[in-house]
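Shown next, in structure tokens, is the structure this report addresses.
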There are 2 protein chains.
Amino acid sequence: MAEGAEVARRERLDRDRVLRTAVALADEHGIDAVSMRRLAQVLGVVPMALYKHVAHKDALLDGMVDAVLAEIDPPDPALGWADAVRGRILSAREVMLRHPWARRVMESRAAPTPVVLAYMDSTIGTFLAGGLSVDLVHHVMHALGSRIFGFTQELYDNAPGPTPDELAALGPEALAAMQQTAAMFPNVVAVATSRPHDPGSVVGSGCDDEFEFEFGLDLLLGGVERLHRRGWSSSGAASV
Amino acid sequence: MAEGAEVARRERLDRDRVLRTAVALADEHGIDAVSMRRLAQVLGVVPMALYKHVAHKDALLDGMVDAVLAEIDPPDPALGWADAVRGRILSAREVMLRHPWARRVMESRAAPTPVVLAYMDSTIGTFLAGGLSVDLVHHVMHALGSRIFGFTQELYDNAPGPTPDELAALGPEALAAMQQTAAMFPNVVAVATSRPHDPGSVVGSGCDDEFEFEFGLDLLLGGVERLHRRGWSSSGAASV
DNA sequence: ACCTGAACACCGTTCAAGT
DNA sequence: ACCTGAACACCGTTCAAGT
């Protein structure tokens, strides 16, 4: 029943303690471990006690996301709009690395919370203060998408580029199967095993996620800067 | 028990019928309706009968994604690399609009299936055939991310720009609450209600998702073309 | 005001049995 | 070879009751 250090009994619940405990539980055991029943158990309380502090499970998840967003640095007012947005997004990325479950939770939420809206409002404000037109900012927010929260689809995380440790632990039949799979997708293998980065900056996978995140971000922000400098207005940006 | 037309009994199950029925069920009632138990009921079969054709629920979800990816057009060999990739991604987007649940399922999957790898392999092949370096293609695949499958985070889908129908159905107290919320996030409201598009092309929301998708895609592909023309090689693209 | 207990209607999945 | 039935260990949540 009791899981030792994790059980913190008799302290009178409040919403903050519920949310902080839920975040810690997700950080340690993954988001699937965050069930109303297990969270209650960690808090030393019966499941229904939680419902006095969060309306339902979705409200719990919203609260967890809000708690994570609060860790993101505000934009630096000393910087120009592009650097201010860039810096804040990189801060958001660090936060998301600390709470890797947050990406999937945010993607699963239907409506943004006031905290999410406040974050977006502040980011939009930085663009507008930089002189970008409302219409351009509209498109830019779409184009950046979830990048403004510091994450993207990390497609190559699970691609067939095994770490040396994994390779060593593999049996001969598993290795043969892997080579057969690799032979079927030569382009994926070529691109996944390319080492475009400074060898010193990357240890295992040959893939520097920080570099890739900034590459995509700068491709987008660079394009926006170019459009803005050319006095971009509504029509003619996309052509079929 | 029986839900009329949905129940198709006595036809001997096979994997294909299981997957096709699961896709149809998700299209009609959403992904949450796709439980092993409910899918079995629609097929007129006991839940455990499914396990002869899919190893477990995750394998069912993988199979559903594979079925959806099979609907995407192959790249047009008559086009240059940029237009070929662009056309295929727009085809993928149409497919995702037909199966809106597929985005979340793909995001939740841990490892890519062979069908996912084959799709990526073919897309990478188009870039390489166009003369882009392996290193550049590596970064480009990261930068495009889930866009190559035809979707992005659609942040504004649920932002506070209500449709006229919704507004009309609102009570006065709900309307007052909404105005209060709007007052707290003026930048979000300004950007969400901007009408940057040809008024004829958009009916309700003032937001043309097709335009936004292509805007972001072209910002990225345009940046890549520019890098490629300049003979881009590994270093110096991202600066801190 | 806050917490509890029992119950309801669901899940995915195992195991042993039927045909 | 394919399907069934009963059971196990979980879910989120309601309702009525305790202190």
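Letters go in sequence order (proteins before strands), and every chain restarts at 1. Worth knowing before you read on, the calculation uses all heavy atoms, side chains too, and leaves out hydrogens, waters and symmetry mates.
Using a 4.0 Å cutoff on non-hydrogen atoms, the parts of residues 50-59 of chain B near DNA chain C are B:Tyr51, B:His56, B:Lys57, ordered by number.
Distance A:Leu43 CG to C:dC2 P: 16 Å, rounded to the nearest Å. The CD atom of B:Gln41 sits 16 Å away from the C1' atom of C:dG12 (whole-angstrom rounding). C:dC3 atom C1' lies 19 Å from atom CZ of A:Arg15, rounded to whole Å. The interatomic distance linking B:Arg37 (CZ) with D:dA6 (P) rounds to 13 Å, in whole Å. Note: CG (B:Leu39) to C1' (C:dC11) measures 14 Å, nearest angstrom. Counting to the nearest Å, the C1' atom of C:dT4 and the CG atom of A:Leu13 are 13 Å from each other. Taking atom CG on A:Asp32 and atom P on D:dG12, their separation rounds to 11 Å, with Å as the unit. C:dC2 atom P lies 10 Å from atom CG of A:Asp14, rounded to whole Å.
Partners of B:Asp58 by salt bridge (Lys or Arg N to Asp or Glu O under 4.0 Å), not counting sequence neighbours, listed by chain and number: B:Arg109. For B:Arg98, the side-chain hydrogen bond (donor to acceptor under 3.5 Å, both in side chains) test picks out B:Glu71, with sequence neighbours left out. In terms of the side-chain hydrogen bond (donor to acceptor under 3.5 Å, both in side chains) criterion, residue partners of B:Thr113 (sequence neighbours excluded) are, by chain and number, B:Asp66. With sequence neighbours excluded, the residues satisfying side-chain hydrogen bond (donor to acceptor under 3.5 Å, both in side chains) with B:Thr123 are B:Arg88. Annotation: side-chain hydrogen bond (donor to acceptor under 3.5 Å, both in side chains) contacts of B:Arg20 (sequence neighbours excluded): B:Asp16. B:Glu210 pairs by the salt bridge (Lys or Arg N to Asp or Glu O under 4.0 Å) definition with B:Arg93, not counting sequence neighbours. For the ring pair (Phe, Tyr, Trp, His ring centres under 6.0 Å) test, no residue two or more places apart in sequence or in another chain qualifies with A:Phe185.
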Here DNA chain C, pairs taken as Watson-Crick or G-U under 3.5 Å and shown with ( ), [ ] when crossing and | when to another strand, reads ||.|||||...|||||.||
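Closest to the side chain of B:Met36, from the set C:dG12, D:dT4, C:dC3, is C:dG12.
In plain terms, the two heavy atoms of B:Ser194 and A:His138 that are nearest each other are OG-ND1, 3.2 Å.
Heavy atoms of B:Met48 sit under 4.0 angstrom from at least one base atom.
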Derivation of the side-chain hydrogen bond (donor to acceptor under 3.5 Å, both in side chains) call for A:Asp32 and A:Trp101
CA-CA 9 Å; A:Asp32 288 343; A:Trp101 48 269; over 6 Å; no
